[in-house]
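See structure below.
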Amino acid sequence: MTFLSAALDRVKPSATIAVTDKARELKAAGRNVIGLGSGEPDFDTPANIKLAAIHAIEAGKTKYTAVDGIPELKQAIIAKFKRENSLDYKPNQIIVGTGGKQVLYNALVATLNPGDEVIIPAPYWVSYPEMVALAGGESVPVICTAEFGFKLQPAALEAAITPKTKWVILNSPSNPTGAAYSHAELKALTDVLVKHPQVWVMTDDMYEHLVYDDFVFTTPAQIEPKLFDRTLTVNGVSKAYCMTGWRIGYAGGPAPLIKAMTTIQSQSTSNPSSIAQWAAVEALNGPQDFIPTHNKVFKERRDLVVSMLNQAGGIDCPRPEGAFYVYPSCAGTIGKTAPSGKLIENDQDFVTELLEAEGVAVVQGSAFGLGPAFRISYATKTADLEEACKRIQRFCGNLR
Ligand SMILES: Cc1ncc(COP(=O)(O)O)c(C=O)c1O
């Protein structure tokens, strides 16, 4: 349609949202569908956080706030960065946005000129390349295979850097693979980046708290202080605090970048919800003890899913360090025929046939830049996960 902007030609709708919608449609039509597509915890927002929002409403904290966040939340974020990441930020180095998504988007819009390149390790979160395209830049995907735990290797990073590289986006633990970089693995990457002063680091630490088996989380600016002045450390309350609907994300970074991002935000959405900001103050300053409680459940689910999927014919499922995703390969099913008679030629066919035959909704790996594979979100009731894995085993067993 010619009325629409040419920018739309550069952007794909979200594959993860598409799967969730399709699963909802089938459910509405009476099918028994288990949706493993959506990336949000099934746990409710903790009660103390909800109460903080209710108190904010009752106290009339319902007006516009500073565009980049209320001072109380900025202080809570500064304290969090200090406490958990040994990073020292000042208030003018912090921005709060409407979800981590808006913070990332603002940073790209505020910095990219036509032709600027952004290195994105693949598999990647679906939104990175689309945001880069919307902001007018060029994404440079670098394939990171299961052989290396889906992690960017220093030589591959070095090879992808050009004079036009503006950002590298790192996401650990990762959506979609759950892979998380150890201190040593991240240090090997920051050693490369130190040599290339034109390259800035956008680190998406959204899943920081969701790590298992004594894994220790670290972030690039903490590991390499020489990168502090060209790193944007992005985080938020959506995942660990079960606050996906509240829409609060934040970042710490150099003051001129934060100022530019604030300008973009001031002319688009202004401040994030005042009520949600007060809830986020309580999330960051309040008790953190529910996080290990949730993680115990997530770890059990991860182990259950990995073990059951590895018993499905043609599926190979690595055990990731964090987040609430697994990213199994379905290479062993390609070339086989589904019960419907359809030949499975790629991972899109695999997920479509799985949904049709067994009512299990997962997302095809090709949407994340590396197939044939699929992503399962295990942020779902354990009983449903077990049933879904049984159905996947049956589906694979019925392929001919
Ligand atoms: C890797 C990653 N970054 C950022 C986000 C966005 O988080 P928010 O809901 O705070 O916008 C998500 C959410 O799915 C994510 O998976």
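Order of listing sets the numbers, starting from 1, for every ligand and every atom in it. Just so you know, these numbers come straight off a predicted model, no measurement behind them.
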Is K299 salt-bridged to D213, going by a charged N under 4.0 Å from an acidic O?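 Salt bridge between K299 and D213, a charged N being under 4.0 Å from a carboxylate O: yes.
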Show the protein residues that qualify under the rule heavy atom under 4.0 Å from an atom of ligand 1, listing them in chain and number order.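 Residues near ligand 1: G99, G100, K101, W125, Y128, N171, N175, D204, M206, Y207, S238, K239, R247.
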Give the ring-plane orientation class for Y378 versus Y212, where under 30° counts as parallel, over 60° as perpendicular and anything between as tilted.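 The arrangement is tilted - the two ring planes meet at 30° to 60°.
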Ring geometry between H294 and F43 (parallel below 30°, tilted from 30 to 60°, perpendicular above 60°): parallel
Do the non-hydrogen side-chain atoms of F228 and Q93 ever get within less than 4.5 Å of each other? yes
For residues V192 and I161, determine if any side-chain heavy atom of one lies less than 4.5 Å from a side-chain heavy atom of the other.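 With C-beta onward as the side chain, the pair touches.
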For K342, I'd like to know if atom NZ has over 12 heavy atoms of other residues, nucleotides or ligands within 6.0 Å. yes
